[in-house]
Amino acid sequence: MKIMVAVKRVVDYAVKIRVKPDKSGVDTTNVKMSMNPFCEIALEEALRIKESGAASEVIAVSAGPAQSAETLRTGLAMGADRAIHVETGGAALHPISVARILQALVESEKPGLLILGKQAIDDDCNQTGQMVAGLLKWPQGTFASKVILDKERQVATVEREVDGGLETLCLNLPAVITTDLRLNQPRYATLPNIMKAKSKVIKKVTPEDLNVEIKSDLQVVQISEPPKRKAGVILSSVDELIDKLKNEARVL
Amino acid sequence: MNTLVLGEHENGFVKPSSLNAVSAAKAIGEDNSVSLLLAGSGPELRDAASRAASSHPSISQVLVADSDVLKHPLAEPWAELVHLVQKKCGYSYIVSASSSFGKNVLPRAAALLDVSPITDVTEILEPRLFIRPIYAGNALCTVRYTGANPCMLTIRPTSFSLPHNADTTSDAASISQVDLSTFTEDTLGKSTWLNNTSQNTERPDLGNANIVVTGGRGLKSAENFKLLEKLAEKLGAAVGATRAAVDAEFVPNDLQVGQTGKIVAPQLYMAFGVSGAIQHLAGMRDSKVIVAINKDADAPIFQVADYGLVADLFKVIPEMLEKIPEK
């Protein structure tokens, strides 16, 4: 069985982002870019499944501009066997288009499992996995904190983080899984693996090759800074705090 | 203008976050006719439907989909259900709370309808113009939906308040059954619900509580969280936690407040031993009054707190327990 993992290039999670003064977007020039942390978790899970003997190949895929190839190279260094880069240039790419691209890739590669991060930490959409599962008519296990694959029965047992606690589902393969934070701790790429990754193949395709039209039914009007919260006062005692909460803020 | 709101229910009651979604639907337009869709099976569903009918003055109709397939809120049958209802009734909007249910179901349904959904809307500026936070709330995106009907949204419950109690004694909305005879569920049986582990407590729900007390890594152990729980009990508050406290297994995951946990906006938010990572602030920055208690005077949480106390929380909590008046 093959496992396909979708990865996205985003502003590194540790970078404090800056909104452009003309409100046209977030400044990404000279900013460190990395693989979306949830995608790293997705790739790690796929690699662990392969290492357990339940899968034969891990394919990392990404849709985005030319630089997305760097993110795929990171994925190859972590241990993915090969990669596919769907080059979309500078076009605004919304989850529905990514889902259509992934659907086309799944139809040609026929993996038994598609794993994605539950959301990207830039647009925070949390949609792509659910959408591609719907398009493929595959079952979905979103926000996974534990995945157990049963190769014999061809099912995956997925524990999900939901509002009320944890929910466990059993999914027939093929299926889509999206990862939550506590699923695993992704590995670092070692130097020998980084070197090895240089000779691995990144296949380039375009949305046209896949017969996918990039849809634009959303228009970003502006990106602005959230209203700032002012720092308040530092108090000296519990008595003062209780007094303020009662008589000034009137919340007790 | 008409809107379908996807409703969640539990123990025969509609969840408050679904009613927040009804409020959001009303915020799209005063003349918006709102249908609340409930699915499930048996008496619990019937109870929820009859209570829902008079639970919010803006609900004009309650739609009930009663089927064993819908007993658990799985994404596969739910997305098919939304598709079926939309094909029949042609709503201009489909709205859900951005709960784990809404986030799971609505995008899948949107894909079936070939629509780009908009996640986590916090403000409705015009009928098709919305604000949503991005980059963990460090930027706000104003986005216009330019596609065909339906426009599909998940909304942040804390941003759309419920009408005051006096208004909820409205006339009961009509209840009708969804005709499921054409319900073809291609993915039926491909996913099975096995179980749910939830922490049932007497305390108010984290997402809807007026007061939230949160503990971070500074609490040091699961045992010490009991101290915080005592304080919560006294205040009638919900207990929250940071990702660090959840990862250290002091408390279960459903108490996590932050970018990837719950988003809360209570009247009073008290953070004990919380440093204030941006991912955590993303989950509580809209609280009305923020109090921070931390030994470290340089902790970033103090930059957003209305009242700060640089002190040892293990001294502060017992003192508060003693000095806060009984409710």
Side-chain angles (χ1 to χ4, degrees), chain A residues 11 17 19 26 94-96 99 121-127 130-135 137-140 142-143 145 157 161-172 180-182 215 217-226 229 231-235 238-239 241-242 244-245 249 251-252, chain B residues 75-76 79 99-100 103-104 107-108 110-112 115-117 119-120 129 133-147 186-187 190-199 247 252-254 260 267-268 285 288-289 291 302-310 316 319-320 323-324:
Chain A
V11 173
I17 59 129
V19 171
V26 166
H94 298 301
I96 195 157
I121 59 163
D122 50 3
D123 60 22
D124 285 334
C125 276
N126 195 335
Q127 296 173 351
Q130 296 86 312
M131 296 185 91
V132 67
L135 295 174
K137 304 264 177 210
W138 285 9
Q140 70 190 48
T142 52
F143 327 144
S145 58
T157 307
E161 297 206 9
V162 294
D163 290 342
L166 296 168
E167 180 184 70
T168 312
L169 303 178
C170 180
L171 311 176
N172 290 2
D180 217 316
L181 279 175
R182 272 173 282 275
K215 193 167 169 157
D217 50 3
L218 292 177
Q219 179 203 348
V220 172
V221 177
Q222 68 168 37
I223 307 287
S224 57
E225 283 201 47
R229 257 196 113 96
V233 288
I234 297 290
L235 309 173
V238 170
D239 290 316
L241 175 62
I242 292 174
K244 291 278 187 194
L245 292 179
V251 286
L252 269 193
Chain B
E76 297 81 9
S99 56
S100 55
K103 286 190 282 196
N104 190 37
R108 186 178 176 111
L112 303 183
V115 163
S116 277
T119 298
D120 237 357
L129 191 64
I134 56 174
Y135 289 92
N138 288 299
L140 297 176
C141 177
T142 306
V143 62
R144 188 185 301 280
Y145 180 69
T146 57
D186 292 359
T187 40
K190 287 188 187 172
S191 75
T192 326
W193 183 90
L194 295 181
N195 65 62
N196 221 341
T197 52
S198 65
Q199 315 285 323
D247 282 354
N253 69 290
D254 50 322
T260 66
Q267 293 292 305
L268 174 60
R285 62 189 304 154
K288 185 160 169 267
V289 176
V291 173
F302 287 120
Q303 291 162 21
V304 299
D306 300 285
Y307 302 112
L309 206 52
V310 181
V316 172
E319 198 180 337
M320 289 186 85
K323 291 179 174 169
I324 286 174

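Numbers restart at 1 for each chain; the letters A, B, ... are given by sequence-line order, proteins then strands.
- For Ala99(A), no part sits under 4.5 Å from any heavy atom of chain B, backbone or side chain.
- How far CG of Asn196(B) is from CG of Leu166(A): 8.0 Å, rounded to the nearest 0.5 Å.
- Here Thr192(B) is the residue among Asn138(B), Val115(B), Thr192(B) with the most heavy-atom pairs under 4.5 Å with chain A.
- Between chain A and the options Val310(B), Leu268(B), Leu129(B), Leu309(B), the largest number of non-hydrogen pairs under 4.5 Å is found for Leu309(B).
- Per-residue heavy-atom pair counts under 4.5 Å with chain B were compared for Gln127(A), His94(A), Lys215(A), Glu167(A), and the maximum is reached by Gln127(A).
- Here Leu252(A) contributes atom CG and Met320(B) contributes atom CE; the two are 7.0 Å apart, rounded to the nearest 0.5 Å.
- For the pair Ser100(B)/Glu161(A), no side-chain contact is recorded, criterion being any heavy-atom separation below 4.5 Å from C-beta on.
- In this structure, chain B has heavy atoms under 4.5 Å from both the backbone and the side chain of Leu218(A).
- At a threshold of 4.5 Å between non-hydrogen side-chain atoms, the residues Gln219(A) and Val143(B) do not count as touching.
- Within the 4.5 angstrom heavy-atom criterion, only side-chain atoms of Val19(A), from C-beta onward, approach chain B.
- Note on Val289(B), Thr142(B), Asp120(B): by heavy-atom pairs under 4.5 Å with chain A, the leading option is Thr142(B).
- With a threshold of 4.5 angstrom between heavy atoms, Val11(A) approaches chain B through side-chain atoms but not through N, CA, C or O.
- The shortest non-hydrogen separation linking Glu76(B) to Trp138(A) is CG-O, 4.5 Å.
- Not one N or O on the side chain of Gln140(A) forms a donor-acceptor pair closer than 3.5 Å with the backbone of Ala75(B).
- The structure places CG of Asp122(A) at 4.5 Å from OH of Tyr135(B), a figure rounded to the nearest 0.5 Å.
- Proximity to chain B (any heavy atom under 4.5 Å) is shown, for Val162(A), by both the backbone and the side chain.
- Counting heavy-atom pairs under 4.5 Å between each of Asp124(A), Val26(A), Asp163(A) and chain B puts Asp163(A) at the top.
- Interface residue Leu241(A): only side-chain heavy atoms are found under 4.5 Å from chain B.
- Judged purely by atom type and a 3.5 angstrom limit, Glu225(A) has no side-chain atom pairing as donor or acceptor with the backbone of Leu140(B).
- Salt bridge annotation for Asp306(B)-Lys244(A): absent, with no cationic side-chain nitrogen under 4.0 angstrom from a carboxylate oxygen.
- Put simply, of Leu171(A), Leu245(A), Leu235(A), Leu135(A), the one with the most heavy-atom pairs under 4.5 Å next to chain B is Leu235(A).
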Run the side-chain contact (heavy atoms from CB on, under 4.5 Å) check on Thr142(A) and Lys103(B) step by step: do they pass?
-> CA-CA 9 Å; Thr142(A) 52; Lys103(B) 286 190 282 196; over 6 Å; no
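- Remark: the Gln130(A) side chain and the Asn104(B) side chain contain no N/O donor-acceptor pair separated by less than 3.5 Å.
- Heavy-atom minimum distance, Ala139(B) versus Ile223(A): CB-CG2, 3.9 Å.
- Proximity to chain B (any heavy atom under 4.5 Å) is restricted, for Thr157(A), to the side chain, taken from C-beta onward.
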Starting from the C-alpha separation in whole Å, work towards a yes-or-no answer on side-chain contact (heavy atoms from CB on, under 4.5 Å) for Ser145(A) and Asn253(B).
-> CA-CA 10 Å; Ser145(A) 58; Asn253(B) 69 290; over 6 Å; no
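- When all heavy atoms are compared, the tightest approach of Leu194(B) to Cys170(A) is CD1-CB, 3.9 Å.
- For the pair Lys190(B) (side chain) and Lys137(A) (backbone), a donor-acceptor distance under 3.5 Å is present.
- Considering every non-hydrogen atom in both Ala111(B) and Met131(A), the closest pair reads CB-O, 3.4 Å.
- Under the 3.5 Å distance criterion, the side-chain polar atoms of Arg229(A) are matched with a main-chain donor or acceptor of Val304(B).
- Nearest heavy-atom pair, Gly137(B) versus Pro226(A), reported as atom, atom and distance to 0.1 Å: O-CG, 3.3 Å.
- Across Ile96(A), Ile121(A), Val238(A), Asp123(A), the residue that shares the most heavy-atom pairs under 4.5 angstrom with chain B is Val238(A).
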Would you please test Thr119(B) and Asn126(A) for side-chain hydrogen bond (donor to acceptor under 3.5 Å, both in side chains) and show each step?
-> CA-CA 7 Å; Thr119(B) 298; Asn126(A) 195 335; over 6 Å; no
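- Using modelled atom types and a 3.5 Å distance limit, the side chains of Asp217(A) and Ser116(B) yield a donor-acceptor pair.
- Contact annotation for Ile234(A): both backbone and side-chain heavy atoms come within less than 4.5 Å of a heavy atom of chain B.
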